[in-house]
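Before any comments, here is the structure.
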Amino acid sequence: ISFVCIFSSLLHEAGHLVPLYFYKCPPKRVLFAPFGIRIDREDSTYISYKKEAVISIGGIVVNTILSLSGLALWLFTKSKTAFLLIWVNIFIALLNSIPVSVLDLGRFLRYILLVHYDEEKTERITLIVSDLSVILTVAFTVLYTVFLGLNLSLIAVSLYLLFLNFQERRR
């Protein structure tokens, strides 16, 4: 299972890196962290908000494609690895599809809003959406725990989102 997780996570990040190279903006460095990979770019590089939106959503697109590929493979082989490929990539895509400002869909939302609104209004909207998403995730976790029992993975995700959202607000 760890190979499928690492493979899927690396390809998720490649989903961000490929558009960066395509837009002629290679990263300055790629840093590995406990909960993901951070891609740093040169401060002097400029990319339009629409291109930034494409870069931010690239990982989710890759995980969706990997999940569908795993499904096709599983339908023909019924292999455990294909089954894991499906679910690991669904999880990674869904986690990054929570519109919290530091996750992929949150960044995508920010760049799309910047196309239409000024920085101040965009920040207010993204903070509200981010806070609401974290609150809903925590509420879902509490309800799930009360009615269906303890789920450590769901609790870990909720705590992770709370931590990320708190860190983002401190900036």
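In this chain, residues are counted from 1 in sequence order.
Apart from Val115 itself, the hydrophobic cluster it occupies contains Tyr49, Tyr111, Leu114, where clustering links Ile, Leu, Val, Met, Phe, Trp and Tyr at side-chain heavy-atom distances under 4.5 Å.
Side-chain contact, Asn165 with Ser130: a donor N or O sits under 3.5 Å from an acceptor N or O. Between the side chains of His12 and Asp104, a donor-acceptor pair is found at a separation under 3.5 Å.
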Kindly indicate, with the supporting measurements, whether the criterion side chain to side chain contact (heavy atoms under 4.5 Å, CB included) is fulfilled by Ile92 and Ser9. CA-CA 8 Å; Ile92 294 171; Ser9 297; 3.9 Å; yes
Leu105 and Leu109: CA distance, side-chain angles, deciding distance, side chain to side chain contact (heavy atoms under 4.5 Å, CB included) verdict: CA-CA 6 Å; Leu105 192 63; Leu109 174 64; 5.6 Å; no
Could you please spell out the steps behind the side chain to side chain contact (heavy atoms under 4.5 Å, CB included) verdict for Thr122 and Arg110? CA-CA 6 Å; Thr122 294; Arg110 180 178 188 281; 3.9 Å; yes
Going through the distances and angles, do Ile57 and Ile60 end up as a side chain to side chain contact (heavy atoms under 4.5 Å, CB included)? CA-CA 6 Å; Ile57 207 79; Ile60 295 172; 4.0 Å; yes
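For the pair Leu20/Pro26, no side-chain contact is recorded, criterion being any heavy-atom separation below 4.5 Å from C-beta on. A heavy-atom distance below 4.5 Å is not found between the side chains of Thr81 and Phe3. Contact annotation: the side chain of Leu66 approaches that of Phe7 to within less than 4.5 Å [non-hydrogen atoms, C-beta and beyond]. Looking at Ser153 and Phe91, their side chains never come closer than 4.5 Å, going by heavy atoms from C-beta outward. Side chains of Val88 and Ile90 form no contact here, defined as non-hydrogen atoms less than 4.5 Å apart. A heavy-atom distance below 4.5 Å is found between the side chains of Ile98 and Thr137. Between Ser8 and Leu11, every side-chain heavy-atom pair lies at or beyond the 4.5 Å cut-off. Using a 4.5 Å cut-off on side-chain heavy atoms (C-beta onward), Arg41 and Ile47 make contact.
With hydrophobic clusters built from ILVMFWY side chains whose heavy atoms lie under 4.5 angstrom apart, Val157 shares a cluster with Leu150. A chain of hydrophobic side-chain contacts below 4.5 Å, direct or via other Ile, Leu, Val, Met, Phe, Trp or Tyr residues, connects Val30 to Phe22. Tracing side-chain contacts under 4.5 Å through hydrophobic residues (I, L, V, M, F, W, Y), one reaches Leu148 starting from Phe140; they form part of the same cluster. A continuous path of hydrophobic side-chain contacts links Leu94 to Trp87 [ILVMFWY only; heavy atoms under 4.5 Å]. When hydrophobic clusters are built by joining Ile, Leu, Val, Met, Phe, Trp and Tyr residues whose side-chain heavy atoms come closer than 4.5 Å, directly or via intermediates, Leu95 is grouped together with Leu164.
Atom CD of Gln167 is surrounded by more than 12 heavy atoms from other residues, nucleotides or ligands within 6.0 Å. Applying the 6.0 Å contact sphere to NZ of Lys24 captures no more than 12 heavy atoms from other residues, nucleotides or ligands. More than 12 heavy-atom neighbours from other residues, nucleotides or ligands sit within 6.0 angstrom of OH on Tyr23. Heavy-atom neighbours of Lys50 NZ from other residues, nucleotides or ligands within 6.0 Å: at or below the threshold of 12.
A pairwise comparison of heavy atoms in Thr77 and Ala82 identifies OG1-CB, 4.4 Å as the closest pair. Here the closest non-hydrogen pair linking Pro99 and Ser133 is CG-OG, 3.1 Å. Of all heavy-atom pairs spanning Gly70 and Ile86, the tightest one is C-CG1, 3.4 Å. Contact record, Ile39 with Pro27: CG2-CB, 3.5 Å, taken as the closest heavy-atom pair.
Tested against Leu161 for a side-chain contact (heavy atoms from CB on, under 4.5 Å), the candidates Ile135, Thr141, Leu103, Val138 yield a single pass: Leu103.
Atom OG1 in Thr126 sits 12.5 Å away from atom OH in Tyr117 (nearest 0.5 Å). Asn89 contributes atom CG, which lies 9.0 Å from atom OG of Ser69 (distance to the nearest 0.5 angstrom). Atom CD1 of residue Ile125 and atom NE2 of residue His116 lie 11.0 Å apart, to the nearest 0.5 angstrom. Taking CG of Leu71 as the start and CZ of Phe83 as the end, the distance is 10.5 Å to the nearest 0.5 Å. For the atom pair Leu85 CG and Cys5 SG, the distance stands at 10.0 Å (nearest 0.5 Å).
In this structure, Arg107 contributes its side chain and Ala53 its backbone to no donor-acceptor pair below 3.5 Å.
Remark: Asp40 pairs with Arg29, Arg38 by the salt bridge (charged side-chain N to carboxylate O under 4.0 Å, His left out) rule, at least two apart or across chains.
The pair Arg124-Glu119 does not meet the salt-bridge criterion, since no charged nitrogen lies less than 4.0 angstrom from a carboxylate oxygen.
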